[in-house]
There are 2 protein chains.
Amino acid sequence: MLNISEIIRRIRSGGYRITKAREAIITIFAKAKAPLSAGEIEKTLKGMGVHINKTTVYREVDFLKAEGVLKELSLGDNIRRYEFRTDNHHHHIICIKCNKVECIDMPECVEKEEKIVSKRSRFKIIDHSLKFYGVCPGCM
Amino acid sequence: MLNISEIIRRIRSGGYRITKAREAIITIFAKAKAPLSAGEIEKTLKGMGVHINKTTVYREVDFLKAEGVLKELSLGDNIRRYEFRTDNHHHHIICIKCNKVECIDMPECVEKEEKIVSKRSRFKIIDHSLKFYGVCPGCM
DNA sequence: CTAACTGCAAAATGTTTGCTCAATA
DNA sequence: TATTGAGCAAACATTTTGCAGTTAG
């Protein structure tokens, strides 16, 4: 788990400000157990009694992504989602019935596959994304 | 590569018709080397001199997906793409500079990872998606 | 003939932009 | 008080829907 005050210090040292919106959104991601979309962030804020315009939410996730605080990912629906950018390499499993998402820590994965792909495609591979789809215990 | 006349026979036997739009779209996918979005299908049709409304394109990919002819996938941008559903399990590599996509045949992949995920999450795993991101030879 | 299909316009999502006003440091 | 950030409305892009008219078989 990333340290909020460390993040705030980094943002401040970049000459940026800590506003109510920014702090609330960082806090939400610090507590989040799964990636969140802009819409989900907006709804969570509303649930917290904080009213923040959706434009601000979009701009804020862009900002936090540029600052390296958040990482953008796609779960296969066409909605952009975000999560804290952590050092531990992990992947996701999505329930095809209730859309629940869980993160799976898995360092050193798909090494064998990456070698094969690298050799066959002649691409310089920089990153990969692995998602599993299935039925969660609650939906079985 | 799937056989077009076999697909057409299957659609006919389901009580559905083979229209100009349907046939043109199936033909496009038979020739496609990478997954296509609705917009790309529309553009390709236009380039072939076939004028088909975008609503029809959207309905057609839905239909072909329901018929098991196409498979929907996401490349990480938030655009739905489609490709022929083939039996050989394959994945994709995407160039982060020019967005070129290549398919990589890779049967029996991520087996080790699937076992780990299955055990930890208690999900019943049905499918997975693996994408590599990198720089293609032409962009290096 | 008739159910499957098409096109058009309009709506529904998700996201971005321009502009002006507000608030942090 | 200077510059970053917020809010609003409107534009945008992709996808969906309702409905009236068309066509394959």
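Excluded from the calculations below are hydrogen atoms, water molecules and symmetry mates; all remaining heavy atoms, backbone and side chain alike, are included. Reminder, nothing fancy here: chain letters follow the sequence lines and each chain counts from 1.
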* To do: Scan B:N78 against the nucleic acid and name what it touches under 4.0 Å (heavy atoms): base, sugar-phosphate only, or nothing.
  => nothing
Phosphate oxygens OP1/OP2 of [N]: is one of them under 4.0 Å from a side-chain N or O of [X]?
| X | N | answer |
| --- | --- | --- |
| B:T19 | C:dT6 | yes |
| B:Y16 | C:dA4 | no |
| A:N53 | D:dA6 | no |
| B:R17 | D:dT23 | no |

* Structure fact -> Exactly one candidate in B:K46, B:K54, B:R81 meets salt bridge (Lys or Arg N to Asp or Glu O under 4.0 Å) with B:E40; the answer is B:R81
* Asked: Side chains of B:F29 and B:V69: closer than 4.5 Å at any heavy-atom pair?
  -> no
Without decimals, in angstroms, what is the distance between [X] [atom1] and [N] [atom2]?
| X | N | atom1 | atom2 | value |
| --- | --- | --- | --- | --- |
| A:Y58 | D:dA13 | OH | P | 15 Å |
| A:E40 | C:dG14 | CD | P | 10 Å |
| A:I26 | D:dG5 | CD1 | P | 11 Å |
| B:I18 | C:dA3 | CD1 | C1' | 15 Å |
| B:E67 | C:dA4 | CD | C1' | 12 Å |
| A:I79 | D:dT16 | CD1 | P | 12 Å |
| B:R22 | D:dG25 | CZ | C1' | 13 Å |
| B:K54 | D:dC12 | NZ | P | 14 Å |

* Structure fact -> Closest non-hydrogen contact found for B:I11 with B:E67 is CA-OE1, 4.5 Å
* Where B:G68 and B:R85 come nearest, the two heavy atoms and their spacing -> O-NE, 2.8 Å
* Criterion side-chain contact (heavy atoms from CB on, under 4.5 Å) against A:L70, the qualifying member of A:I26, A:V61, A:L36, A:D62 -> A:V61
Quick check for you: among [options], whose closest atom lies nearest to any side-chain atom of [X]?
| X | options | value |
| --- | --- | --- |
| B:F63 | C:dT16, C:dC5, C:dG7 | C:dC5 |
| B:R59 | D:dA9, D:dC19, D:dT16 | D:dC19 |
| B:A21 | D:dT14, C:dT6, C:dA9 | C:dT6 |

* Structure fact -> Taking for B:G39 and for B:R12 the nucleotide of DNA chain D with the nearest heavy atom, the one nearer the 5' end belongs to B:G39
* For B:K20 and for A:R81, find the nucleotide of DNA chain C with the closest heavy atom, then tell me which residue's nucleotide is more 5'. => B:K20
